[in-house]
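Following: one structure in structure tokens, then a few remarks.
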Amino acid sequence: MKKLVKLCAIFSLAGMLAGCGTTVGGAGGSKEDLNINVKDMANELKSGLTFEDTLSELDTGMALTYYGIDADSVKDSVIIVSTGATAEEIAVFEAADSDAADKVKTACEDRKEKQTTYADYKPSETGRRDKAIIKEDGNYVVYCVTDDTDKANEIINKYFK
């Protein structure tokens with residue numbers, strides 16, 4: 001009987017310890033369990049940051065073409081761009097899965113490189129573009145070009161817990 005009690009105690013303790021592990025992605029889930037409203041995040045970035053230029057949201061189809069992303073790779077996205085007078089930009093993506101998220105992140109890195117054209121006609125934009133934020137968490141990817149990178153990171157990190 002004592003052996004049975006000890007055995008039950010050991011299994012109970014083992015079960016409790018197994019539940020003490022840490023997970024990434026907050027709220028006890030994996031990174032893929034994040035549930036972010038990309039529109040809310042993009043709007044908070046737009047309203048919470050100061051931009052030199054006027055920013056406008058692109059149509060989804062045009063936006064994905066703009067970034068060279070296949071529509072099947074993305075569940076949802078919001079892309080807000082400047083008039084072209086500055087490199088300022090906000091793009092928030094929910095990818096179809098983790099592989100697609102990696103492709104979306106690569107597309108954002110390519111987008112940053114394509115913005116080198118600003119160096120030719122508006123060299124002051126080069127510094128802004130060089131500080132561009134590209135973050136991936138689970139199936140979500142954010143690309144943000146702003147002078148206020150500290151505030152942008154604060155907003156993004158609020159969503160990427």
Side-chain angles (χ1 to χ4, degrees), residues 22-161:
T22 59
T23 59
V24 180
S30 69
K31 286 179 161 250
E32 287 74 23
D33 290 339
L34 286 175
N35 188 12
I36 296 171
N37 182 314
V38 296
K39 184 96 173 154
D40 289 349
M41 185 182 201
N43 286 335
E44 187 169 347
L45 285 166
K46 184 178 178 186
S47 65
L49 303 172
T50 303
F51 292 97
E52 179 184 332
D53 199 358
T54 302
L55 300 179
S56 303
E57 187 174 337
L58 289 178
D59 167 76
T60 302
M62 177 187 285
L64 294 177
T65 300
Y66 200 68
Y67 274 75
I69 298 171
D70 181 43
D72 292 338
S73 296
V74 177
K75 286 184 180 179
D76 198 7
S77 66
V78 176
I79 299 174
I80 304 170
V81 297
S82 71
T83 63
T86 69
E88 296 169 315
E89 194 162 308
I90 300 166
V92 183
F93 302 93
E94 179 184 5
D97 55 38
S98 60
D99 289 338
D102 291 340
K103 291 176 186 172
V104 169
K105 183 178 180 187
T106 299
C108 290
E109 291 164 349
D110 291 346
R111 172 73 184 138
K112 178 181 173 181
E113 289 307 310
K114 288 177 186 171
Q115 287 185 309
T116 57
T117 56
Y118 284 103
D120 295 336
Y121 79 92
K122 196 167 182 186
S124 60
E125 290 303 303
T126 303
R128 185 179 284 156
R129 182 212 47 140
D130 289 345
K131 296 185 303 181
I133 298 166
I134 302 173
K135 288 192 173 189
E136 177 183 357
D137 194 350
N139 293 340
Y140 296 89
V141 179
V142 176
Y143 175 65
C144 185
V145 182
T146 179
D147 285 328
D148 195 358
T149 55
D150 289 339
K151 180 67 176 175
N153 276 311
E154 180 182 314
I155 292 169
I156 295 165
N157 290 338
K158 187 169 79 173
Y159 287 87
F160 286 3
K161 295 180 180 182

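Throughout, numbering of the chain's residues begins at 1 and tracks the sequence. The basis for the numbers below is simple: all heavy atoms, side chains too, and nothing from hydrogens, waters or symmetry mates.
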Where do Ala63 and Ile79 come nearest, in terms of heavy atoms and distance?
CB-CD1, 3.2 Å
Shortest non-hydrogen separation from Ala152 to Thr146 and the atoms involved:
CB-CG2, 3.9 Å
Can you see which heavy atom on Ala100 is nearest to which on Asp97, and at what distance?
N-OD1, 2.8 Å
Side chain to side chain contact (heavy atoms under 4.5 Å, CB included) between Lys131 and Asp147: does it pass, once the steps are laid out?
CA-CA 8 Å; Lys131 296 185 303 181; Asp147 285 328; 4.1 Å; yes
Which pairs with one or both residues in residues 67-81 pass side-chain hydrogen bond (donor to acceptor under 3.5 Å, both in side chains), sequence neighbours excluded?
Tyr67-Glu89
Within this structure, what is the CD1-CE distance for the pair Ile155 and Met41, rounded to the nearest 0.5 Å?
9.0 Å
Using residues 45-62 as the side-chain source, report each donor-acceptor pair under 3.5 Å to any protein atom, sequence neighbours left out, with the distance given to one decimal.
unit_1: Lys46; atom_1: NZ; unit_2: Leu55; atom_2: O; d: 3.3
unit_1: Ser47; atom_1: OG; unit_2: Asn43; atom_2: O; d: 3.0
unit_1: Glu52; atom_1: OE1; unit_2: Arg128; atom_2: NH2; d: 3.0
unit_1: Asp53; atom_1: OD1; unit_2: Thr83; atom_2: OG1; d: 3.0
unit_1: Asp53; atom_1: OD2; unit_2: Thr83; atom_2: N; d: 3.0
unit_1: Asp53; atom_1: OD2; unit_2: Thr83; atom_2: OG1; d: 2.7
unit_1: Glu57; atom_1: OE1; unit_2: Lys39; atom_2: NZ; d: 2.7
unit_1: Glu57; atom_1: OE2; unit_2: Lys39; atom_2: NZ; d: 3.4
unit_1: Asp59; atom_1: OD2; unit_2: Gly61; atom_2: N; d: 3.2
unit_1: Asp59; atom_1: OD2; unit_2: Met62; atom_2: N; d: 3.3

Around atom NZ of Lys103, are there more than 12 heavy atoms of other residues, nucleotides or ligands at under 6.0 Å?
no
Backbone of Ile36 reached by a side-chain donor or acceptor of Tyr140 within 3.5 Å:
yes
Looking at Lys112 and Glu109, is there a salt bridge between them, counting it only when a charged N and a carboxylate O are closer than 4.0 Å?
no
I need the minimum non-hydrogen distance between Val145 and Ala132, along with the two atoms involved.
CG2-CB, 3.8 Å
Look up atom CG in Asp40 and atom OH in Tyr159, then write down how far apart they are to the nearest 0.5 Å.
5.0 Å
Which value, rounded to the nearest 0.5 Å, describes the distance between Cys108 atom SG and Lys135 atom NZ?
13.5 Å
Once you round to the nearest 0.5 Å, how far does CG of Asn153 lie from CD1 of Ile133?
4.0 Å
Kindly indicate whether the side chain of Leu64, heavy atoms from C-beta on, has any atom under 4.5 Å from the side chain of Phe93.
yes
With a 4.5 Å cut-off on side-chain heavy atoms, are Phe160 and Val142 touching?
yes
Provide the closest heavy-atom pair for Asn139 versus Ala96 in the form atom of the first, atom of the second, distance.
ND2-O, 4.3 Å
Considering all heavy atoms, the nearest Gly138-Ala101 contact:
O-CB, 3.6 Å
